Amino acid sequence: MAGTEVANAEVVVVGGGLEGLSIAWALTRAGVTDVLVCERGGLAGGETGKSSGVVRCHYGVPSLAWMAWKGVQVFEGAADLLGGDVGFVPSGYVVGVGPVNADALAANVADHRALGIDVALVDPDTVAGLWPQLELADFAAFAYEPRGGYGDAYRTALAYGATARRGGAAIHPYTPVAALTAAGDRITGVELVGGQRISAPTVVVAAGWFSAGLVAPLGLELPVRAQREPILLVDPGTPVHGAPVLSDLVSLQYLRPEPSGQLLVGNSDHRRPDFVARPEGYLNRATESETERLGDKLAARLPGFPNLALATSYAGCYDVTPDYNPVIDRVGPTGLLLAAGFSGHGFKISAAVGELVADLVVAGDSRDPRVPAADFRLARFTEGRPLAGAHSYVGAGEMR
Ligand SMILES: Cc1cc2nc3c(=O)[nH]c(=O)nc-3n(C[C@H](O)[C@H](O)[C@H](O)COP(=O)(O)OP(=O)(O)OC[C@H]3O[C@@H](n4cnc5c(N)ncnc54)[C@H](O)[C@@H]3O)c2cc1C
């Protein structure tokens with residue numbers, strides 16, 4: 001029944017990952033209950049399903065630091081806010097830098113403390129107490145966020161969705177959107193792959209990397225690329241429990257324990273990104289050379305674990321923008337919003353993303369002065385005004 005209107009809604013959200021489902025939840029909280037989410041596959045089956053789930057507020061961009069801090073509070077309050085445990089493990093978060101970045105670390109921590117974030121500079125003895133097996137000699141400075149840690153992005157996304165449903169939202173998996181529809185300078189809804197139309201005066205595109213292709217026919221260019229990243233799951237020999245997440249900005253890696261006691265290890269070296277043409281059909285495991293590179297760095301950082309062994313590996317794709325920061329903006333025809341390009345930050349800030357988008361829909365602007373909507377405008381790229389932190393790290397500037 002091509003072209004037939006099968007439904008209408010006040011807001012259609014395209015994409016049922018962390019961001020789309022958080023947006024649906026936030027809209028229902030803001031009183032917009034006639035929300036319909038269209039997800040082409042299973043819920044949270046995209047980038048969200050690959051997320052390492054690290055929760056830290058350590059960002060040079062104050063709005064991102066604050067959005068992550070709001071996220072911490074939502075994860076901590078999940079039992080009340082989201083109806084149950086979503087897998088957040090408040091293991092703490094440590095970031096360590098070399099001499100060249102020690103001043104920037106101190107400046108970032110001072111900014112975070114001024115925002116009210118629970119973080120402190122700590123000495124090597126404190127870090128050794130938290131992670132006795134770590135080699136610390138090449139670090140010059142550390143910061144510790146006791147309320148950071150890691151979560152389960154899949155469970156969190158499903159909990160956002162379930163809470164949104166309880167608030168009135170309709171969430172439709174296996175409902176692929178073929179195109180956005182517009183009349184003149186107004187968005188009018190979406191057309192599904194089967195040809196059916198869903199009418200809506202407001203459409204939010206939160207489809208990760210695929211957002212670019214959805215908005216392109218409307219003359220909008222979203223500069224986003226798919227950056228493949230391998231992840232290793234490592235058997236440390238002796239299970240690790242209770243250690244904090246470590247951002248190692250000397251070796252450019254991050255590691256955290258899994259609830260099983262294995263270690264999850266990821267890459268933080270973005271100097272030679274592995275951009276793939278499409279985030280589908282890419283190699284879903286670490287290559288031998290990636291395993292060797294990540295494994296060597298891990299072994300050098302963990303001399304206290306002489307029997308590290310690869311358990312398994314997989315790979316995900318970040319949807320990265322040129323400044324490694326998201327676009328959350330009203331764009332193109334009236335009624336169209338974009339929330340994409342989360343570039344590796346999208347789990348920890350997801351609750352705040354939903355709130356910002358709901359504010360843009362309901363009030364036309366952010367209602368949180370610490371989250372200026374202007375930070376996330378699409379036009380910053382064409383204007384040559386990328387979003388960047390005040391104290392960025394030499395060799396590790398991306399994703400901070
Ligand atoms: C390997 C990896 C590790 C990460 N680690 C962390 C971390 O430690 N901490 C952190 O904060 N963040 C992390 N992230 C980032 C975070 O996971 C993402 O930013 C977040 O999941 C993005 O959510 P999303 O909803 O924008 O995208 P997605 O989860 O990809 O959701 C978009 C959805 O849109 C759907 N879609 C696409 N096209 C259509 C269409 N035409 N019609 C309908 N639906 C459509 C897709 O099927 C998909 O489900 C990581 C990401 C990766 C890949």
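Remember, predicted model here, so these are calculated numbers, not experimental data. Remember, it's 1-based here, ligands and their atoms both numbered in the order they're listed.
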Taking [atom] as the reference point, the nearest protein heavy atom with its distance:
| atom | value |
| --- | --- |
| atom 21 (O) of ligand 1 | T48 OG1, 2.9 Å |
| atom 28 (P) of ligand 1 | E47 N, 3.6 Å |
| atom 7 (C) of ligand 1 | V54 N, 3.4 Å |
| atom 31 (O) of ligand 1 | G17 CA, 3.5 Å |
| atom 6 (C) of ligand 1 | S51 OG, 3.3 Å |
| atom 45 (C) of ligand 1 | R40 CG, 3.6 Å |
| atom 3 (C) of ligand 1 | S52 N, 3.5 Å |

Can you sort out which atoms of ligand 1 are near [X], meaning under 4.0 Å from one of its heavy atoms?
| X | answer |
| --- | --- |
| C38 | 43 (C), 44 (N) |
| E19 | 20 (C), 22 (C), 23 (O), 24 (P), 25 (O), 26 (O) |
| K50 | 1 (C), 2 (C), 3 (C) |
| G53 | 6 (C), 7 (C), 8 (O) |
| F342 | 19 (O), 26 (O) |
| G46 | 29 (O), 30 (O), 49 (O) |
| F210 | 37 (C), 38 (N) |

Linking I/L/V/M/F/W/Y whenever any side-chain heavy atoms sit under 4.5 Å apart, do L64 and Y150 land together? yes
Against ligand 1, does A153 come closer than 4.0 Å with any heavy atom? no
For the [atom1] atom on [X], are there more than 12 heavy atoms of other groups (residues, nucleotides or ligands in this structure) within a distance under 6.0 Å?
| X | atom1 | value |
| --- | --- | --- |
| R166 | CZ | yes |
| R225 | CZ | no |
| Y154 | OH | no |

Consider every N or O of [X] and every N or O of ligand 1, then say whether any pair is closer than 3.5 Å.
| X | answer |
| --- | --- |
| Y318 | no |
| G346 | yes |
| G208 | no |
| G344 | yes |
| H345 | yes |
| V177 | yes |

Out of E39, K348, H172, indicate the one that has the non-hydrogen atom closest to atom 49 (O) of ligand 1. E39
How would you list all residue pairs meeting ring pair (Phe, Tyr, Trp, His ring centres under 6.0 Å) that involve residues 112-132, not counting sequence neighbours? H58-H112
Just heavy atoms, cut-off under 4.0 Å: does [X] contact ligand 1 by side chain, backbone, both, or neither?
| X | answer |
| --- | --- |
| A339 | neither |
| C317 | backbone |
| V14 | side chain |

Do the side chains of D375 and N325 get nearer than 4.5 Å, heavy atoms only? no
Give a yes-or-no answer on whether the side chains of [X] and [Y] include a donor-acceptor pair shorter than 3.5 Å.
| X | Y | result |
| --- | --- | --- |
| S247 | Y93 | yes |
| T126 | Y144 | no |
| E5 | S199 | yes |
| D368 | S366 | no |

If the threshold is 4.0 Å, N to carboxylate O, is there a salt bridge linking E145 and K348? no
Between R330 and D365, does at least one N-O distance fall below 4.0 Å, as a salt bridge requires? no
Sequence neighbours left out, what pairs pass side-chain hydrogen bond (donor to acceptor under 3.5 Å, both in side chains) with at least one residue falling in residues 95-108? N108-Y393
Give the C-alpha distance, both sets of side-chain angles, the deciding distance and a yes or no for side chain to side chain donor-acceptor pair (under 3.5 Å) between Y59 and H345. CA-CA 10 Å; Y59 280 102; H345 319 310; 2.9 Å; yes
Establish, yes or no, whether the cationic atom of R380 lies under 6.0 Å from the six-membered ring centre of F376 and within 45° of the ring axis. no
